[in-house]
Engineer: 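Mind looking over this structure? Questions follow.
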Amino acid sequence: MEENFSRLFFKDTIVVAGFKVAKSLSANEDRHCCHLEVSEDAGSTIYIYPKTSTVTALETTSMPVAPKYTYTPLNHLKGGTIVNLYGAVKFFKPPYITKGTDYCSVITIVDQSNVKLTCTLFNGNLDALPKVYKVRDIVRFHRIKIREYNGQMQGITSIGFASLTFDGTIGAPIAPRTSSKQYTFTEEEQKTIEELRIWAASNLSVSEPTAKLSGAQPMMFFDLTCQLVGKAEVDGSSFLLKVWDGTKCPYPSWKVLVEASDLEGDKALIHQLRNLTVDILVYDNHVQLAKSLKVGSFLRIYSVHSKQASSENQPDVSYIEFHLHGGTCYGRGIRVLPENNPDVEVLKALMDSANLTESQNVETVSSMELDSTFDNMSYESYAERCQQLSVTVLTDHQYLNDTPLNTILNSTAPQHYRIRAKLRTFKPQKLYQSVKLYCSKCNSLQEVPDGDDFDLILRETAATLLNPELHNKLWYDSAVWDTENQGQRKIAVHFVKHDELLQEPENTLIMVQGGMLKEIRKLSRRFKCIIPVKSTQEDLELLDLSAPFLLQGKIWHYGCKQCSNLKTIQSLSSLAAQEQPSWEPTEIAQALGIEPLQYVFVMKFTLDDGTGSLDAYLFDYEKFFQIPASEILTSNLLQEKMEMIMSVFCPPGKKLDDLPWLECFIRSYNVRNGMEQQVCYQIFDTMVAEDVV
DNA sequence: GTTTAGGATTCG
């Protein structure tokens, strides 16, 4: 016992069992009045748990006193023993369902002795089998039975078998993957893993022909890391997995024909990704596992076979088929990867950057040519049917799973969610009321002034006199018109020059004084920009900010009264002096010291997914409706388009059941209203599906 | 404390 205590280190944990509590004779201020008496004779047992650097771990089944496990090198194995082993994975079959009661995983390991051992591991619980994802992963097996089979040593699960698996990449975090709740893990073991990693790096070849769809070739077997977007039963012995990995298969690939109603998955997403997904048909023993997979999960499908094929009616058009054949040869199988797997992180990044728009717009050879082989039902019409079910699409984060509304309502803010819901109702019902002016500086929203307000301001200005001294300056030429039968009213137009020359009207900025609304409208059809002005003693000046500071075609630009700090009209001359004045509203605003207001749609959507209902705000410049908020008030066409969209989303007089689904992203956020805190929701990264518009 | 599978591609 003394000897064992000599192995104790500072901060190790010890557990003492079978001790006696006795009064301490050496009790004082620093020492407790009782002490523990431990002796071998009294049957005391001491457990020592060495201090660990990354994991604090205890193993329940550990033997008393410094349970330093001994690990047998693979060249020292004897039949009929139960041993602990370390090894690098040379080959493995991901867990598969046996004909018996268990899952089976076959794993061949090898160590520095260069002797390999094939282990046949069984367990009724998939999670209890080693979580090996790749060749070169490092495993630690405890209590594995060694026996002879066909003249060779074989490892097989025995009672109390437990395993840890580590990423085999040199330098990767040493984080054990295991289902064991408790396990030992010391610095010494960490060293063993690092050594094995280094050994494996130069002694185990990873034959990894392209793990990406973009590298798929017509004839190959490869491991595919991907996300499941759809699945369907095809017949008793085959099952369809529709997957993508954020890259595009360079060849046309087959589309397995299934009834739309048999396809499980988000129809809108399937449609949206139609040129990036591939169909993999899995057979026989893999069907059962495939059925249990959840759409949205990340998978590695091992030893997928890509096969070149062509249809009978079009022998010259060939395409790739993807099969996962029956059996488990060469480690054929499917494994679900956890979200935190490093390869999944890469996958997500690729999926994020996948240029969806491009793949949507460019009809690839694959879907067009293959359609013709689907006699009575083309993929397009099938996709159309899918599309009818969701009227919005996500512009990002497609890999996230849906969250039910009741879960969101019971969660704290702020968070992001992907949801699928129906639009029960929305406000305002009069769509023109949804357009507001927004100041991004002070976050204020205001109503869009109406033309009558502007007309009134123009009339007041027209009553003031022109100041001829302000006409014809260096940077503008001026012209004055008299009016007929309108008393003293005169109209002055100041043409801003560029390079001391006048430009074409469609490129020209003019400043107008004394004009009526009708006249200004007429001028705005001809000239690029109009700034309404008045004159004072010293200079031309902008009108009140209740009026637009700039008119471009039909768009009237307003400034924020709160945040603007008006400069002189003279400031515009610096813009005019630029090499190629673009007359961008933001530049003009900046020159004039105006904080421009932006046109936005502000609406409240009452969404319902059957589990709950919540109000989500839509705050949209253009993206959601694909209609610029700045243009809708002056365009009948755009107004009709928006009305049509809303009537598709929420057709009047229809029951909730008959409404289409909306796929949305929403964010929750806290709003303080006096003393009360309230959670609000806002829609983002979502837009109306192309087919609806 | 049984059985399963026991590495070694392709019917579809």
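Order of the sequence lines sets the chain letters (A, B, ...), proteins ahead of strands, with each chain counted from 1. Keep in mind that this is a model prediction, so the values were computed, not measured.
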Engineer: Tell me, please, which residues at least two apart from S158(A) pass side chain to side chain donor-acceptor pair (under 3.5 Å).
Structural biologist: none
Engineer: Can you tell me which residue pairs pass the side chain to side chain donor-acceptor pair (under 3.5 Å) test with a partner in residues 76-88 of chain A, sequence neighbours excluded?
Structural biologist: Y86(A)-E189(A)
Engineer: Could you work out the separation of dT10(B) and dG6(B) based on their C1' atoms and round it to a whole Å?
Structural biologist: 22 Å
Engineer: Measure the distance from CD1 on I280(A) to P on dG12(B) and round it to the nearest whole Å.
Structural biologist: 17 Å
Engineer: Look at the side-chain N and O atoms of K307(A) and state whether any lies under 4.0 Å from the OP1 or OP2 oxygen of dG12(B).
Structural biologist: yes
Engineer: Between K134(A) and D343(A), is the closest basic N to carboxylate O distance under 4.0 Å?
Structural biologist: yes
Engineer: Please collect all side chain to side chain donor-acceptor pair (under 3.5 Å) contacts where either partner lies in residues 227-241 of chain A, sequence neighbours excluded, each pair once.
Structural biologist: Q227(A)-W244(A), D235(A)-S237(A), D235(A)-S238(A)
Engineer: Checking S306(A) now: which residues fulfil side chain to side chain donor-acceptor pair (under 3.5 Å) with it, not counting sequence neighbours?
Structural biologist: none
Engineer: Identify whether any heavy atom of S237(A) sits under 4.0 Å from a base atom; if not, whether one sits that close to sugar-phosphate; answer base, sugar-phosphate or nothing.
Structural biologist: base
Engineer: Taking atom types as they are modelled, would you say the side chain of H325(A) forms a donor-acceptor pair with the base of dT10(B) within the 3.5 Å cutoff?
Structural biologist: no
Engineer: Applying side chain to side chain donor-acceptor pair (under 3.5 Å), can you list everything that pairs with K131(A), at least two apart in sequence or on another chain?
Structural biologist: D127(A)
Engineer: So what does G327(A) touch, heavy atoms closer than 4.0 Å: a base, only the sugar-phosphate, or nothing?
Structural biologist: nothing
Engineer: Could you run through nucleotides 3-9 of chain B and give me one letter per nucleotide, 5' to 3': B if any protein heavy atom sits under 4.0 Å from the base, S if only the sugar-phosphate is that close, - if neither?
Structural biologist: BBBBBBB
Engineer: I need the CZ-C1' distance between F322(A) and dG12(B), as an integer number of Å.
Structural biologist: 16 Å
